[in-house]
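Remember, it's a predicted structure, so these values are computed and weren't measured experimentally. Proteins get letters first, then strands, A, B, ... in listed order; numbering begins at 1 in each.
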Amino acid sequence: MDIPVARDRASDLAWPQGGVTRVPFRVFADPAIYAEEQRRLFRGPIWNFLCLEVEILNPGDWRLASVGEVPVVVTRDEHGAIHAMVNRCAHKGALVCLQERGNAKSLTCVYHSWSYDLAGRLQSVAFRHGVRGKGGMPEDFDTAQHRLEPLRVEVFCGLVFGTFSDATVPVEDYLGTTMARMIRRNLGRPHRLLGMHSQIIHNNWKLYAENVRDSYHATLLHTFYTTFKVNRLDMDGGMLLSDDGRHSISYAKRGTLQQSEEYRNVHSAQYDSALAAPQFLDTWTEFDDGVTHCIQTIFPTLVVQLTLNSLAVRFFTPRGLDRTELFWIYLGYQDDNEQQTRQRLMQSNLTGAAGLVSLEDGCINEFVQRGTRGSEDRNAFLEMGGRDVASSDGSRATETGIRGFWQGYRELMGL
Amino acid sequence: MTVREAIEDLFADYAEAIDDGALERWPGFFTEDGEYQIITRESHDAGLPIGILYCGSRAMMEDRVRALRTANIYEPHSYRHLPGPPRLAVQGDGFVVRSNFCVFRIAQDGDTVTFATGRYLDRIVRDGDALRFRSRRVVLDSRRIDTLLVLPL
Ligand code: FES
Ligand SMILES: [Fe+2]
C-alpha cells in the first residue's frame, strides 16, 4: 500500500518501492530516525501503555513509566483520579520521583525542593521569598505558571494509557471494536499481579514490535511444542487486524475436538506428549469461544496474552537505538483459587525471559540487528500471506500483522 | 565430614555440573519432588508467586534440560558460578541454607558479563546417601535478564 508522504519528513530516507512489503534496514540503525520517533511517534497521536491500575491502587501511590525514552510518573491522587506527567522538574529538569514505586502526599524534587501535588501542579518553591529578606523569586513569580508536564490519561480494563497529543482519539476508538472486545475478554474482570520481570534485548524496539506480530515464525523458530509432540488439538487459528492495521490478534483455536461438558473446568491432561512432566500444560476452560492461545498487540509497544491459562501483559521500552527493555507482567483473576494460581505459575514457564516456547525471541531480534549491520541501504522482504494489510482468518502463515505495523509507523513518521 | 563441609561440597558439585555443561546431572541434585524457582528480588519481597522459571519436580527439570538440548535456539554460551559460603540452620529433617552467588556468562566470542547475582534460599535434606535440594529458590538481585535465560543458575 502506498502512503502519501507528508511534506514534513522525518528524514531523507526514501521508503523503497513496494510499500509495506519492504522495510529499509536503516530504520533499525539510524540515530536520526530514532530521535524523530521520540518526537513524532511517542509524543504523537497514539496511546502509550503506562502501567496497570492494580499497581497504583491506593491514594498517593505512584509508579514510574516511560513513553519512548521520556521518563513518566503515574499517580493516584487523594480523590482516586489517575494522573501521568513527565518525571522532569519544572525548575531545572531533574527527576522528581526516584523510586520505581512509592506512596506520598506530594512529590518533591530533591534538588531545590520544588514541591508538586499528585496532579503535578506546583505547590511551593523553597526560599521563594528569600532568606532573611534577601534573594528569592521575582515579585511576579506565579506557581500556577509552572507544573510537571502532563499527559492525558485513560484507563481501559485496568490498563493505564497516556498520550501527549490532543489529537489522540479515545482509547476505545483507538483500539477499534475487535481489539477492545478481546481486551475485555481477557482483562475485563478484576485481576491481580502474580509476578514481574524484564529482559534486555539488544535490538531496536521495532524489531520486537515486528516479531510479536509475526505469526509466520511461531512454529518455525519456536519448536518446543513440535519437538515434544505436544498434541495441541488446537491448531486452527488466524490473525485479526484492527481496521487501521496497527493492532493485531494472533490466535489459535481448539480444533474440531470439542471438550465435552463434563470435562469443562476439570483439570485433565489434554496433551499427548513426549514430556516427562506434561502436567504443567494441564488447562481449564476459561472462555467458551474455543480460543486457547491469543497474543494481542496494541500499537506501538503493548502486548496482552492469554496462552492456555497464562495471562500476561508485556510491554517494551526503547533504551537506546539497539537496546530495548521487555517487561513481563503475569496476572491472575481476583477470584482464582489456589489450584488455578498454581496452573498459571506452571504455564508461566512457556513465556518470559526463560520461556520454553518463546525464549528464542530474546535473541532472534538481535540476530537481525547484527545481521543487517552495514546493509542499511537494503530492505527486508515481507510478502508472506500477500502484500496487503488485512485480517487472515484461518491462517497464521502470514506477515500481515507486520505490514500493518509499518503502515501505522509510516503514517505517524511521514515516511 | 561435617554437615557444613558436605553442603559446601554439594554447592561446588552443583556449580561444576552446570559450568562444565553436564546439565543432565542437574536434576539429580534435587529430590524427586524437589522444587526449583528463579525469581526477582522484587517479586520475592512482594510475596508474588511467579518468577522467571519454575520446576515443581525433577521430571520438570529433566524436560527443561531436554528442551534446551533439542528444542530451544540460542547462541552457545557457558556460565561460571561463584557460590558463596552457606549459612545454615537445622529445620525438621533437614537444613535451611542461605548463600550468595555470582554467575558470569561467557559467550562464544569471549564476551564475559556478570549475568546474575543474588542468593540461594535452599531446603536441603538427606535423601538416601546424599544431600539433596528439596527446594532451591534463586532470588535475583536485578529484575532484568540480559537477552535470555536458558541454562539453570
Ligand atoms: S531541579 Fe527540581 S527543584 Fe531545582
Ligand atoms: Fe516468537
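Under a cut-off of 6.0 angstrom, the local environment of CD in A/Gln99 is sparse, with at most 12 non-hydrogen atoms contributed by other residues, nucleotides or ligands. Atom CD of A/Glu338 has 12 or fewer heavy atoms from other residues, nucleotides or ligands within 6.0 Å. Within a 6.0 Å radius of CZ in B/Arg41, other residues, nucleotides and ligands contribute 12 heavy atoms or fewer. A 6.0 Å sphere centred on OH of A/Tyr216 holds no more than 12 heavy atoms belonging to other residues, nucleotides or ligands. Annotation: B/Glu32, atom CD; neighbour count of heavy atoms from other residues, nucleotides and ligands within 6.0 Å does not exceed 12. Residue-environment remark: CZ (B/Arg87) stays at or below the threshold of 12 foreign heavy atoms within 6.0 Å.
Minimum interatomic distance between B/Ser57 and A/Ala277 (heavy atoms only, all atoms of both residues): OG-CB, 4.3 Å. B/Tyr74 and A/Cys363 make their closest contact through CA-SG, 4.0 Å (heavy atoms, listed as atom of the first residue, atom of the second, distance).
At a 4.5 Å heavy-atom cutoff, the contact between A/Thr341 and chain B is made by side-chain atoms alone. For A/Arg192, no part lies under 4.5 angstrom from a heavy atom of chain B. When heavy atoms are compared at a cutoff of 4.5 Å, A/Glu366 approaches chain B solely by way of its side chain, counted from C-beta outward. Of the two parts of A/Ser198, the backbone and the side chain both hold a non-hydrogen atom closer than 4.5 Å to a non-hydrogen atom of chain B. If you measure heavy-atom distances from B/Thr147 to chain A, the contacts under 4.5 Å come from both the backbone and the side chain. In this structure, chain A has heavy atoms under 4.5 Å from both the backbone and the side chain of B/Arg66.
Proximity to chain B at a heavy-atom threshold of 4.5 Å picks out A/Arg319, A/Arg323 from residues 317-324 of chain A, in numerical order.
Contact of the B/Asp146 side chain with the A/His202 side chain is registered, since non-hydrogen atoms from C-beta on lie closer than 4.5 Å.
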Stepwise side-chain contact (heavy atoms from CB on, under 4.5 Å) check, A/Asn349 with B/Arg64: CA-CA 10 Å; A/Asn349 279 302; B/Arg64 270 276 167 190; 3.0 Å; yes

Could you go step by step and tell me if A/Glu325 and B/Arg144 meet the side-chain contact (heavy atoms from CB on, under 4.5 Å) rule? CA-CA 8 Å; A/Glu325 187 166 6; B/Arg144 285 177 176 176; 3.0 Å; yes

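Of the listed residues (B/Ile52, B/Leu53, B/Thr40), the one with the most heavy-atom contacts under 4.5 Å to chain A is B/Ile52. Of all the listed residues (A/Leu193, A/Leu356, A/Ile201), the one sharing the greatest number of non-hydrogen pairs under 4.5 Å with chain B is A/Leu356. Taking B/Met60, B/His44, B/Glu42 one by one and counting their heavy-atom pairs under 4.5 Å with chain A, the maximum is reached by B/Met60. Of the listed residues B/Gln37, B/Glu75, B/Glu62, B/Met61, the one with more heavy-atom pairs under 4.5 angstrom with chain A than any other is B/Glu75. Chain A forms the most heavy-atom pairs under 4.5 Å with one residue out of B/Leu48, B/Ile38, B/Asp63, and that residue is B/Asp63.
Taking CG of A/Leu326 as the start and CG of B/Leu148 as the end, the distance is 11.5 Å to the nearest 0.5 Å. A distance of 12.5 Å separates CH2 in A/Trp328 from CD1 in B/Ile145, rounded to the nearest 0.5 Å. Note that the CD1 atom of B/Ile73 and the CG atom of A/Leu221 stand 5.0 Å from one another [nearest 0.5 Å].
When atom types are taken as modelled, the side chain of B/Asn72 and the backbone of A/Phe224 share no donor-acceptor pair closer than 3.5 angstrom.
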